[in-house]
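These notes concern the structure reproduced below.
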Amino acid sequence: MKHKILLVAGARPNFMKVAPLLRSLLADGEFSPVLVHTGQHYDDHLSGCFFRDLAIPDPDYHLGVGSGSHAQQTAEIMKRLEDVLLTEKPDSVAVVGDVNSTMAAAIDSSKLGIPVIHVEAGLRSFDRSMPEEINRVITDAISDLLLVTEESGRRNLRNEGIPDSRIHLVGNLMIDSLRQSLAVACRSDILARLSIDGQPFGLITLHRPSNVDSRAHLQEMLLALAEISRSMPLFFPVHPRTRAQLAGLGASLPDSITLTEPLGYLDFLCLMSRSSLVLTDSGGIQEETTALGIPCITLRENTERPVTIEQGTNVLGGTHQETILAAWRNVLEKPKRGSIPPFWDGSAASRCVAAIKAYFGISKPAAPLVSVAAFA
Ligand code: UD1
């Protein structure tokens with residue numbers, strides 16, 4: 001009997017993690033995966049486009065929950081997913097990342113007694129005002145197998161009392177997708193579509209509620225970005241949450257900042273890999289810029305991904321005009337070269353599969369399993 005594993009994805013940053021994991025589970029032959037899309041993200045440019053770009057098969061279930069308050073969205077996912085779990089009776093449920101779909105699926109599964117595997121476990125910003133931090137802490141507390149992307153994840157989980165036997169450093173699935181897709185992404189015509197003709201340019205992404213929901217705050221960040229754009233044009237694919245706030249601001253941005261719709265995975269990867277600087281509040285983009293060796297200024301006061309600062313190309317720019325500009329001047333004077341963190345090598349998915357097989361006693365591990373003890 002194959003091990004039935006249900007994979008849950010719901011929002012944009014989940015899809016590039018689920019794609020390589022699903023592929024490796026299928027290739028292994030010992031698993032019968034069931035893919036569930038919660039529908040937390042539903043616009044083509046936040047969801048459908050990623051399924052096409054990453055060649056993810058159509059989900060077996062689409063829950064169509066849509067947007068809502070945190071409570072409404074989480075509750076709706078829990079209600080609809082419970083029916084799927086009762087029908088499918090999977091042997092385990094794999095959740096990725098830190099979005100509401102991740103936490104909702106983990107709660108449902110653990111209450112039904114189904115073992116939960118959390119991929120990208122242990123990351124901590126220690127900032128409970130971030131909805132993602134709440135999702136991370138809760139998901140990890142009720143997960144059975146915790147697969148971490150960086151050493152800090154193991155440390156944080158150990159500090160929270162989780163035994164080493166349930167923690168494995170597997171590397172970063174997002175970097176698996178990046179490595180698999182980069183050559184194809186480089187053939188995108190996005191540079192021509194945006195009339196970028198070889199001159200250095202920077203890229204902005206902003207969508208955290210803490211940055212964009214307060215207009216005064218957003219306005220201040222835009223002043224810093226406008227200043228930076230005087231030395232290099234900036235391109236800004238705008239998340240729907242941010243688009244709504246910008247419309248309310250009524251402020252016009254300088255011509256040196258070009259707004260676009262949110263971009264698909266391949267277009268964005270192409271643009272990022274050719275950019276000279278990325279300014280972002282995204283979690284995943286901090287990791288992708290480190291993997292690509294592109295300087296990144298994170299527009300936040302903290303990060304749950306410290307390895308991108310300790311080893312990668314990331315620096316914290318804060319969220320105030322002066323701190324952002326100071327970080328930018330530092331990057332100009334002393335650009336970080338950075339190095340690739342351990343196991344961000346494109347093989348994280350096979351390590352995930354090996355860890356899952358070892359944990360559930362499914363034949364032999366598919367690849368050498370790296371014990372966290374080796375990094376203690
Ligand atoms: C969610 C995740 C965040 C992740 C981000 C990536 C949580 C708590 N947050 O935030 O961690 O970094 O996704 O984008 O899970 N909307 C659309 N189309 C869509 C989806 C949403 O227009 O397909 C609009 C709706 O107005 C919605 C708003 O965007 O209310 C926010 O969407 P939501 O899924 O609640 O959170 P994100 O800000 O996208």
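In each ligand, atom 1 is the first atom listed, and ligand 1 is the first ligand listed. Along the sequence shown, residues are numbered consecutively beginning with 1.
Taking the six-membered ring where the residue is Trp, His3 and Phe31 present perpendicular rings, their angle passing 60° and hence far from 30°.
A side-chain donor-acceptor contact under 3.5 Å links Glu301 and Thr319. Side chains of Asn172 and Glu287: a donor on one and an acceptor on the other come within 3.5 Å.
With respect to atom 16 (N) of ligand 1, the closest heavy atom belonging to the protein is Tyr42 OH, 3.5 Å. For atom 12 (O) of ligand 1, the closest heavy atom belonging to the protein is His207 NE2, 2.8 Å. Protein heavy atom nearest atom 24 (C) of ligand 1, with residue, atom name and distance: Pro240 CB, 3.8 Å. The protein heavy atom nearest to atom 8 (C) of ligand 1 is Asn100 OD1, 3.3 Å. At the top of the distance list for atom 36 (O) of ligand 1, counting protein heavy atoms only, stands Arg241 NH2, 3.8 Å. The closest protein non-hydrogen atom to atom 2 (C) of ligand 1 is Val99 CG1, 3.7 Å.
Closest to atom 26 (O) of ligand 1 by heavy atom, among Gly66, Gly10, Ser67, is Ser67. Distances from atom 15 (O) of ligand 1 to the heavy atoms of Glu132, Gln40, His239 put Gln40 nearest. Among His41, Arg12, Arg243, the residue whose heavy atom lies nearest to atom 34 (O) of ligand 1 is His41.
Just one of Leu203, Thr205, Ile257 meets the side chain to side chain contact (heavy atoms under 4.5 Å, CB included) condition when paired with Phe236; it is Ile257.
Counting the atoms of ligand 1 from 1 in the order shown, those under 4.0 Å from a heavy atom of His70 are 8 (C). Of all atoms in ligand 1, listed by their number and element, those nearer than 4.0 Å to a heavy atom of Leu46 are 18 (N), 19 (C), 20 (C), 23 (O).
Heavy atoms only, all atoms of each residue included: His37 and Pro59 are closest at CB-CG, 3.7 Å.
Contacts with ligand 1 closer than 4.0 Å are made by side-chain heavy atoms of Pro13 only, the backbone lying farther away.
Checking atom 19 (C) of ligand 1 against the protein gives a heavy-atom contact under 4.0 Å.
Using modelled atom types, one side-chain atom of Asp53 and one backbone atom of Tyr265 make a donor-acceptor pair closer than 3.5 Å. Ser24 contributes no side-chain N or O that, together with a main-chain N or O of Leu21, makes up a donor-acceptor pair within less than 3.5 Å. No donor-acceptor pair under 3.5 Å is formed between the side chain of Asp267 and the backbone N or O of Ile190.
In this structure, CD1 in Ile196 is found 9.0 Å from OG in Ser275, a value given to the nearest 0.5 Å.
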